[in-house]
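Structure first, then comments.
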Amino acid sequence: MAGPSVHGQKNKPHKAGRKAGLSARQKHKSNKEVAPGHRPSIKSQQSCAVSSKQQRQQTTKHHREVQREQALAQKRNPQPPRVVSLLPVSQDVDMPRLWAQLIGAAASEAPRAVSVDPGMDVDCEGMPPMVPTIVKLPGQSRSMIELLPPPPDSGNPVTAVDIARSAEVLLLVLPGSAKASQVDAGGLSSLAVLRLMGLPSLQVVVQGEVGASLKDRSVAKKRAQAAVTSQIAGEHKVMTADSAADCQQVLRHLGEIHPSLPLWRQQRPALHLHSARPLFNAADPSARGSVVLKAYVRYQGLSVNQPLHILGCGDFNIDRIEVADEPVSSGCKSAANGAQCMDMAGSGARLLTVADPAARQGVVRLNTPDPLAGEQTWPTTEELMEAEARGSSEGSKRKRRLPAGMSDYQAAWITEEEMQDIGDSGSEGEDQAAERQGGDAEPRFGEGAMDGAASMADLDEEDDQTDDMQDSEAAGEQSFAEFKRQRRAEQDDVEFPDEIDTPTDTPARDRFARYRGLKSWRSSPWDPREGLPQEYANTFAFENFKRAHKRAKAGAEGVSRDSNGAPPGSYVAVHLADVPADVAMRLVQRVQAASQGSAAPLVAHGLLQHETKLSVLNFAVKKDSNFTETLPNKAELLFVTGLRSFTARPIYSTDDPNVDKHKLERFLHDKRQCVATIYGPIQYPPLPLLAFKITPDQTPQLAMAGTLRSCDPDRVVLKKIVLSGYPVKVHKKKAVVRWMFHNPEDVRWFKPLELWTKYGRRGRIKEPIGTHGAMKCMFDGVVQQRDAVCASLFKRSYPVWPGSLDFCR
């Protein structure tokens, strides 16, 4: 008969209660006290609730006081005008009308709006010129904003980069008409660049038709909200700008926005240049002197001892910093006025700080290597030529006759008497064979060297010309045949990666003399300091990159509390030292063009420690989905980071984690993340990267985008080649392989290599057969007739040395 459990009956376990034993009561008591999930008593629970409530109140009060103090400090301290950049994302937007409405709304309460250019006035009643203008906000006498007009060439994606560098608030303008295009192709390109560079605070404005009804305005706002959300995630407030009252409301809202900037902009001081004036005769091409720049110091304090990078001009040292008069008096005390200042003799300028030559970082680009440090065992060109001449003269005087099969290394351990005995006992045929060989043994793979510097130079040139046959030679207009050739090469690289044909006119041991084999890609060692090119001696390397970055950020944050710098928010005149005449003229023209609205605003950044020194930069990049052309290795591109713009020819490699070797990629393929390696000045992450393909008489195309990964010259990038052959005769584990080599000497040279097949077999070379490069091979399993036999070779690749060390464009 079945028990109660069959019918689903479950009896409660017996509870001993007060009659339980001592051990049971003790165990229950210990579990009640120690267990984290035990039920506390009512009294203790009430006391904990009271204490936790008081603690929450104290924490909330503390946060409220901290925020209040920060708000008061922000109001007391001078703030530079907030930079608001207007960006129409459609050609249907009437920008002159909107610009006039905004200037007129700002001038309705303020008597006058002031242009950044001191020699240009803004007419608030008529149609004002579209130039950078500083205006006071309506109803806020102490708040100002700097309105930047849209770039003249809105379809150029490079101009969107300038907006991302300068704008603190981005004012997106969309048309309100239902028939108009909300976002056109130029707007999509600009928004894509801004997303990659890092968006500042965003405000959406709809420019509706004059006299539109409330219903039409509401529908236009919903339409604009949908268009912006499809490109930029998140909820964005949409406002209308149809009338003067709407424009005043927009300006008030811009004054209340707290700018949210990317981190790479917050870590460094920035100057939005308002004027530039040389203090020497810039008409003399050979002259060098000082140039005065006037601008607000933003984000971080500017030290007089740190270098300054100006986009398109280069890196410069600062001679001194003075306090200048602001373009618009905001009614608040200047930060530099509170500091210790002194009047300059004969002028109204007030000196703030002067550079200390001992503490100045200086503009140092290349490293000066010690010729005795890390001395290489490779001889010089003169030593190679002397050794060759000495060897030929000694060989003509006395020629050692070696038995067949004996190498020079083996003969070096045999004395002259033993050699004579061996020679006397050898047969005449062996002596003739040794004479035909010239007394030289067959060198083993990886142990041979070149006979002279000329031979090495010829092989290097031939290797570069043949290995990089698929690489792009120079930027320029490509013919249709060249485009088809590169497209075919990219497809071959996808279908048959790293496979090349063994040359028939050149011995493989000479053609691939700089390559070596690896037993295991994961565990085989590769010394990162072995066989480095001469250019590597001019680069800088970090012992600990993260620690250096941390110290550089701490030094930049401490400038605001230092007496040798200008605090954020102050309007200063920066004197640059030792500026060439051509650079000074180019700088003055660029600043004047920006103040007149014909060019994007020019921004100068204060560099962190070591950011002028040359190193090897590694960027994690991915090809842009809209870029349809091939992107070969070492193709010239325009690299645009948050700080610099310069041309470079990168090499691409795999982005494999937790490995010490990375394989070179011949092309940057779609939907595949790689690492681009170049020579460049040291920069600290986070920092965005945009690479553009520059073609004459065409708009630059965004080719790839990414971020800065590290500055590491020891990152090993290996170029892999695969030599392939096919079995012509198979017997179980043995096979005769042809078409991998074309002469028996090459087979003996590469005999130590490990072979592998595409069906997963491993093997080795036993011996050559015949005189046409056939060889007998042994494998670890049965080989199929349809299989392909391969051998892998590797050599280290290095980026292309830059043509100009200015790194500015």
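All residue numbers refer to positions in the sequence shown, counting from 1. Every heavy atom of this structure was used, including side-chain atoms; hydrogens, water molecules and symmetry mates were not.
Taking the six-membered ring for Trp and the full ring otherwise, the centers of Y652 and F667 sit at least 6.0 Å from each other. For F639 and F692, the distance between ring centers is not under 6.0 angstrom. Ring-centre distance between W526 and F794: not below the 6.0 Å cut-off.
Nearest heavy-atom pair across P681 and L617 is O-CD1, 3.3 Å. For the residue pair Y679 and P802, the shortest heavy atom distance occurs at CB-CD, 3.7 Å.
Taking the side-chain hydrogen bond (donor to acceptor under 3.5 Å, both in side chains) definition, one finds that S792 meets it with W756, sequence neighbours left out. Residues passing the side chain to side chain contact (heavy atoms under 4.5 Å, CB included) test with R522, sequence neighbours excluded: S520. Residues satisfying the salt bridge (Lys or Arg N to Asp or Glu O under 4.0 Å) test with K519, not counting sequence neighbours, are E754. Taking K758 as the reference, E499 meet the salt bridge (Lys or Arg N to Asp or Glu O under 4.0 Å) condition, with sequence neighbours excluded. With sequence neighbours excluded, the residues forming a side chain to side chain contact (heavy atoms under 4.5 Å, CB included) with N626 are D624, listed by chain and number. For the salt bridge (Lys or Arg N to Asp or Glu O under 4.0 Å) test, no residue two or more places apart in sequence or in another chain qualifies with R195. Residues forming a side chain to side chain contact (heavy atoms under 4.5 Å, CB included) with K613 (at least two apart in sequence, or on another chain): F540, H610, I682. Partners of D505 by side chain to side chain contact (heavy atoms under 4.5 Å, CB included), not counting sequence neighbours, listed by chain and number: P503. D670 is linked by a salt bridge (Lys or Arg N to Asp or Glu O under 4.0 Å) to K623, counting only residues two or more places apart in sequence or in another chain.
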Name the atoms and distances for all side-chain donor-acceptor pairs under 3.5 Å in residues 722-735, with sequence neighbours left out.
none

Under 3.5 Å, which donor-acceptor pairs do the side chains of residues 771-778 form with other protein atoms, sequence neighbours left out?
{"residue": "K776", "atom": "NZ", "partner": "E767", "partner atom": "OE2", "Å": "3.4"}

Expected list for residues 704-714: side-chain donor-acceptor pairs under 3.5 angstrom, two or more places apart:
{"residue": "R709", "atom": "NH1", "partner": "D655", "partner atom": "OD1", "Å": "3.1"}
{"residue": "R709", "atom": "NH2", "partner": "D655", "partner atom": "OD2", "Å": "3.0"}
{"residue": "S710", "atom": "OG", "partner": "N618", "partner atom": "ND2", "Å": "3.4"}
{"residue": "D712", "atom": "OD1", "partner": "D714", "partner atom": "N", "Å": "3.1"}
{"residue": "D714", "atom": "OD1", "partner": "R529", "partner atom": "NE", "Å": "3.0"}
{"residue": "D714", "atom": "OD2", "partner": "R529", "partner atom": "NE", "Å": "3.4"}
{"residue": "D714", "atom": "OD2", "partner": "R529", "partner atom": "NH2", "Å": "3.0"}

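Between F750 and F741, the angle of the ring planes stays under 30°, which puts this pair in the parallel group of the 30/60° scheme.
A salt bridge between D498 and R666 is present, with a side-chain N of the basic residue lying under 4.0 Å from a carboxylate O of the acidic one. A salt bridge links R672 to E665: at least one charged side-chain nitrogen sits closer than 4.0 Å to a carboxylate oxygen.
For the 3.5 Å distance criterion, the side chains of S653 and R715 qualify, holding a donor opposite an acceptor.
With rounding to the nearest 0.5 Å, the separation of CG in L664 from NZ in K634 is 7.5 Å.
A donor-acceptor pair under 3.5 Å is formed between the side chain of R365 and the backbone N or O of T612. Remark: the backbone N or O of H662 is not paired with any side-chain donor or acceptor of W521 at under 3.5 angstrom.
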